[in-house]
Peer 1: 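Following this message is one structure expressed as structure tokens.
Hydrogens, waters and symmetry mates are skipped; everything else that's a heavy atom, side chains included, is used. Quick caveat, the model's predicted, so the values are computed rather than measured.
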Amino acid sequence: MQKQLVEANFKIIRTFLQQNAKLIVQTNPRSDWTYNSFEELVLSEGQEMASIPLPNSIEAGLPRNCYFNCRQALNEHPELNYCEGYALAIDYVLPVPHAWLVNSSGEALDPTWQTPAAYVGVAFDRGWLYSFLSSRNRDYLAVFEANHLENYSLLWQGLPYEALLRE
């Protein structure tokens, strides 16, 4: 039953992203940009990930602090990688922008949510992530939601090849 809910949530997330991306193109098209929105970027570059229970070695973080929680866990677990995109927990109504971690098997580990969820997002290369975030000279932890600091470079230029985690 739970697996069916997660599978249904993947479809809900993708439909949500497609509808929002279409609306943004209709209201504010940017033909000279690679992507018109982060929804479009995630649809193009992201992948579906199902959650697994958080292992005891990873401490659960504070609610509503997904970016911070993930960065803390990432610092302590070099075997994991950071993801951003959209997620939908089985007890949520709509997908939300979110951050989580991914293991080498492509499974989502979420130090913020303790309920099963479906995730559609981008897994970042660790070296690129740290370089990108440190170049901001500010303590903004989100790649996508704080990309206004780089004048939305990830939308108009697209994600650099080295940004994506490649297995």
Side-chain angles (χ1 to χ4, degrees), residues 9-52 61 65-75 77-89 94-113 117-167:
N9 281 355
F10 284 137
K11 184 175 181 182
I12 291 169
I13 295 170
R14 289 213 173 266
T15 301
F16 174 84
L17 295 175
Q18 290 164 349
Q19 290 173 342
N20 283 346
K22 182 178 178 182
L23 180 62
I24 291 167
V25 167
Q26 290 172 344
T27 58
N28 191 20
R30 295 181 176 108
S31 60
D32 56 330
W33 286 27
T34 303
Y35 303 106
N36 282 280
S37 64
F38 288 107
E39 291 86 351
E40 187 179 343
L41 186 155
V42 169
L43 282 167
S44 175
E45 302 292 342
Q47 53 191 303
E48 294 178 354
M49 299 173 217
S51 64
I52 61 170
N65 284 288
C66 62
Y67 306 110
F68 178 79
N69 295 339
C70 287
R71 287 290 302 279
Q72 288 295 108
L74 194 63
N75 291 337
H77 296 275
E79 73 280 9
L80 300 175
N81 285 288
Y82 178 83
C83 299
E84 276 190 30
Y86 293 82
L88 181 60
L94 290 173
V96 295
H98 195 57
W100 60 94
L101 303 170
V102 64
N103 64 18
S104 60
S105 300
E107 299 164 316
L109 300 139
D110 193 333
T112 307
W113 293 352
Y119 302 84
V120 177
V122 176
F124 292 103
D125 174 82
R126 183 183 277 266
W128 179 88
L129 174 72
Y130 285 131
S131 174
F132 181 79
L133 293 177
S134 68
S135 70
R136 288 184 170 162
N137 297 321
R138 295 183 183 164
D139 196 21
Y140 289 93
L141 302 174
V143 173
F144 294 151
E145 285 199 14
N147 189 229
H148 60 88
L149 297 169
E150 294 86 24
N151 296 315
Y152 298 99
S153 63
L154 299 178
L155 294 180
W156 56 270
Q157 293 177 337
L159 285 170
Y161 178 84
E162 63 273 10
L164 299 174
L165 178 64
R166 307 218 186 256
E167 298 294 329

Peer 1: Within this structure, what is the CG-CG distance for the pair Leu129 and Leu141, rounded to the nearest 0.5 Å?
Peer 2: 9.5 Å
Peer 1: Mind checking salt bridge (charged side-chain N to carboxylate O under 4.0 Å, His left out) for Glu107 and listing every partner two or more places apart, or none if nothing turns up?
Peer 2: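 Scan of Glu107 (salt bridge (charged side-chain N to carboxylate O under 4.0 Å, His left out), adjacent residues dropped) gives none.
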Peer 1: Give every donor-acceptor pair under 3.5 Å between a side-chain atom in residues 16-30 and any protein atom, sequence neighbours left out.
Peer 2:
residue, atom, partner, partner atom, Å
Thr27, OG1, Leu23, O, 3.0
Thr27, OG1, Ile24, O, 3.3

Peer 1: Taking the side chain as everything from C-beta on, heavy atoms only, tell me whether Ser37 gets closer than 4.5 Å to Val42.
Peer 2: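 No, side chains not in contact.
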Peer 1: Tell me, yes or no, whether the heavy-atom count around Phe10 atom CZ, taken from other residues, nucleotides or ligands under 6.0 Å, exceeds 12.
Peer 2: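 Result for CZ/Phe10: enclosed.
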Peer 1: Quick one: SG on Cys70 to CG on Asn81, what's the gap to the nearest 0.5 Å?
Peer 2: 11.5 Å
Peer 1: Just how far is it from atom CD of Gln157 to atom CH2 of Trp33, taken to the nearest 0.5 Å?
Peer 2: 10.5 Å
Peer 1: Mind checking whether Leu101 and His77 have side chains closer than 4.5 Å, heavy atoms only?
Peer 2: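 Contact flag for Leu101/His77 side chains = no.
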Peer 1: Applying ring-ring contact (aromatic ring centres under 6.0 Å, His included), name anything that partners Tyr82, two or more places apart in sequence or on another chain.
Peer 2: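 Testing Tyr82 for ring-ring contact (aromatic ring centres under 6.0 Å, His included), a comparison that skips the adjacent residues, returns none.
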Peer 1: Please list, chain by chain and in numerical order, all residues satisfying salt bridge (charged side-chain N to carboxylate O under 4.0 Å, His left out) with Arg14, sequence neighbours excluded.
Peer 2: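 Salt bridge (charged side-chain N to carboxylate O under 4.0 Å, His left out) check on Arg14 returns Glu48.
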Peer 1: Closer than 3.5 angstrom, by distance alone: can the side chain of Arg71 be matched with the main-chain N or O of Ala142 as a donor-acceptor pair?
Peer 2: no
Peer 1: Taking the side chain as every heavy atom from C-beta outward, state whether Val122 and Leu41 have any pair of such atoms under 4.5 Å apart.
Peer 2: yes
Peer 1: What pairs with Phe132 under ring-ring contact (aromatic ring centres under 6.0 Å, His included), at least two apart in sequence or on another chain?
Peer 2: Trp128
Peer 1: If every non-hydrogen atom of Glu45 is compared with every non-hydrogen atom of Tyr35, which pair is closest and at what distance?
Peer 2: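 Of all heavy-atom pairs spanning Glu45 and Tyr35, the closest is OE2-OH, 2.8 Å.
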Peer 1: Just to verify, what does Trp113 make a ring-ring contact (aromatic ring centres under 6.0 Å, His included) with, not counting sequence neighbours?
Peer 2: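 ring-ring contact (aromatic ring centres under 6.0 Å, His included) list for Trp113, sorted by chain: Tyr92, His98.
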Peer 1: Enumerate the residue pairs fulfilling salt bridge (Lys or Arg N to Asp or Glu O under 4.0 Å) with a member in residues 146-164, sequence neighbours excluded, ordered by first and then second residue.
Peer 2: Arg136-Glu150
Peer 1: Hey, does Pro97 have a side-chain heavy atom less than 4.5 Å from the side chain of Phe144?
Peer 2: no
Peer 1: Would Tyr119 and Cys83 satisfy side chain to side chain contact (heavy atoms under 4.5 Å, CB included), going step by step from the backbone distance to the final call?
Peer 2: CA-CA 9 Å; Tyr119 302 84; Cys83 299; over 6 Å; no
Peer 1: When you compare the side chain of Asn65 with that of Thr112, does any pair of heavy atoms fall below 4.5 Å?
Peer 2: no
Peer 1: Can you name the side chain to side chain donor-acceptor pair (under 3.5 Å) partners of Gln72, sequence neighbours left out?
Peer 2: none
Peer 1: Check the side chains of Asp125 and Tyr161 for a donor-acceptor pair under 3.5 angstrom, ignoring hydrogens and angles.
Peer 2: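 Short answer, no.
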Peer 1: Measuring from Asn103:CG to Ile52:CD1, what's the distance to the nearest 0.5 Å?
Peer 2: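 Result: 5.0 Å between the selected atoms.
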Peer 1: What is the minimum heavy-atom distance between Val143 and Glu84, and which atoms define it?
Peer 2: N-OE2, 2.5 Å
Peer 1: How close do Val102 and Ala123 get, heavy atom to heavy atom, and via which atoms?
Peer 2: CG1-CB, 4.1 Å
Peer 1: Give a yes or no answer on whether the side chain of Thr15 reaches the backbone of Lys11 with a donor-acceptor pair at less than 3.5 Å.
Peer 2: yes
Peer 1: If you take all heavy atoms of Thr34 and Gly158, which pair is closest and at what distance?
Peer 2: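 Smallest heavy-atom distance, with atoms named: OG1-N, 3.7 Å.
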Peer 1: Specify the closest pair of heavy atoms between Pro95 and Tyr86, including all atoms of both residues, with the distance to one decimal.
Peer 2: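 The pair with the smallest heavy-atom distance is CB-CB, 4.5 Å.
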Peer 1: Taking side chain to side chain donor-acceptor pair (under 3.5 Å) as the definition, give me every residue that meets it alongside Ser51, ordered by chain and number, with sequence neighbours left out.
Peer 2: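 Testing Ser51 for side chain to side chain donor-acceptor pair (under 3.5 Å), a comparison that skips the adjacent residues, returns none.
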Peer 1: Do Phe38 and Asn147 make a side-chain contact, defined as non-hydrogen atoms from C-beta onward lying under 4.5 Å apart?
Peer 2: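 The answer is yes, as the side chains (C-beta and beyond) meet within the 4.5 Å cut-off.
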Peer 1: Under the rule for side chain to side chain donor-acceptor pair (under 3.5 Å), what residues qualify as partners of Glu145, not counting sequence neighbours?
Peer 2: Tyr67
Peer 1: Between Asn36 and Leu155, is there a side-chain heavy-atom distance shorter than 4.5 Å?
Peer 2: no
Peer 1: Does the side chain of Leu159 reach to within under 4.5 Å of the side chain of Phe124, using non-hydrogen atoms?
Peer 2: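 Side chain of Leu159 against side chain of Phe124, heavy atoms only: contact under 4.5 Å found.
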Peer 1: Using the side chain to side chain donor-acceptor pair (under 3.5 Å) criterion, which residues pair with Asn9? Sequence neighbours excluded.
Peer 2: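 With sequence neighbours excluded, Asn9 shows a side chain to side chain donor-acceptor pair (under 3.5 Å) to no residue whatsoever.
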Peer 1: Can you tell me how far CD1 of Ile13 sits from CG of Leu94, rounded to the nearest 0.5 angstrom?
Peer 2: 11.0 Å
